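Notes for the one structure printed next.
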Amino acid sequence: MNLFTQVLTALGWIVIALAVSPMVWLIIQPYLKGWSPAERRAMHLLRDMLTPEQFRQLTWRGYLEIPSHVEPRRVYRVPRTRGYVQVIENGHAIMRLCVQPVECLPDADLVVLHKLMIEANEEAYLQKANKYLCID
Amino acid sequence: MLRVMSRRGDDRVTWDQQKVLEGDTEAIAAVREAERIFAQERAKGATAFRVVQGKPIERIEKFDATAEQIVMVPRVVGG
């Protein structure tokens, strides 16, 4: 194999590595984030705030359901990672809510934030949230 | 215990209420520090919640040294 072929092969591998690395990063990023001290501390707070059943639901289903104190058939579905909080009534999503802290927080802290705000004062939470109606 | 949410996870200040009542200087200093942080965060728009196991979560406006746990969340806005 001459030098020219070797250089071409090396360049080929570099191109492949560059093309694949963003995809690899997207796959491993959530796991790396979980190792950060901030995420670990936030996860500790989350465990303290949730019952074992709630923690299981969040882990396995990817969301935490918080029953409404105002409307008995309503639950708030808080996602494990950042995103909209869904308002579910009679099993159907009727609204999406967007409430964000002004400071960037770890994902686990966001779940606690929604839980505390909904459970302590649901009306104030709804007033603060931007609402997006779900139309079937 | 006071827990303040931030980008670093939560910052904690703990104190022993019994020692505070007994006049322990370290415990009193910890309570004063917690009270200072509470006021500072409230001034920035943070909301405070009293969390007691088995009881409903309660929003509080004033620092409560007897609370089992106070959790503070930063100011929130509709996104």
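Keep in mind that this is a model prediction, so the values were computed, not measured. Per chain, numbering begins at 1; letters A, B, ... match sequence-line order.
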key: Residue pair A/Tyr76, A/Glu122: steps toward the side chain to side chain donor-acceptor pair (under 3.5 Å) verdict   = CA-CA 10 Å; A/Tyr76 295 89; A/Glu122 192 177 330; 2.7 Å; yes

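Taking CZ from A/Arg77 and CZ from A/Arg61, the interatomic distance works out to 8.0 Å, rounded to the nearest 0.5 Å. Here B/Gln69 contributes atom CD and A/Met49 contributes atom CE; the two are 4.0 Å apart, rounded to the nearest 0.5 Å.
For B/Arg3, the part lying under 4.5 angstrom from a heavy atom of chain A is the side chain only. Interface residue B/Ser6: backbone and side-chain heavy atoms are both found under 4.5 Å from chain A. Contact annotation for B/Val51: only side-chain heavy atoms (C-beta onward) come within less than 4.5 Å of a heavy atom of chain A. Looking at A/Tyr125, neither its backbone nor its side chain comes within 4.5 Å of chain B, counting heavy atoms on both sides. Residue A/Met43 does not touch chain B at all, counting heavy-atom pairs closer than 4.5 Å.
Residues A/Glu89 and A/Arg73 are not paired through a salt bridge, judged by the lack of any N-O separation under 4.0 Å between the basic side chain and the carboxylate. Here B/Arg32 does not pair with B/Glu35 in a salt bridge; the nearest charged N to carboxylate O distance is not below 4.0 Å.
The greatest number of non-hydrogen atom pairs below 4.5 Å with chain B, out of A/Ala124, A/Ala129, A/Ala120, is found for A/Ala120. Ranked by heavy-atom pairs shorter than 4.5 Å toward chain B, the options A/Glu103, A/His44, A/His69, A/Glu119 are led by A/Glu103.
For the side chain to side chain contact (heavy atoms under 4.5 Å, CB included) with A/Leu50, the lone residue among A/Leu45, A/Leu64, A/Val112 that qualifies is A/Leu64.
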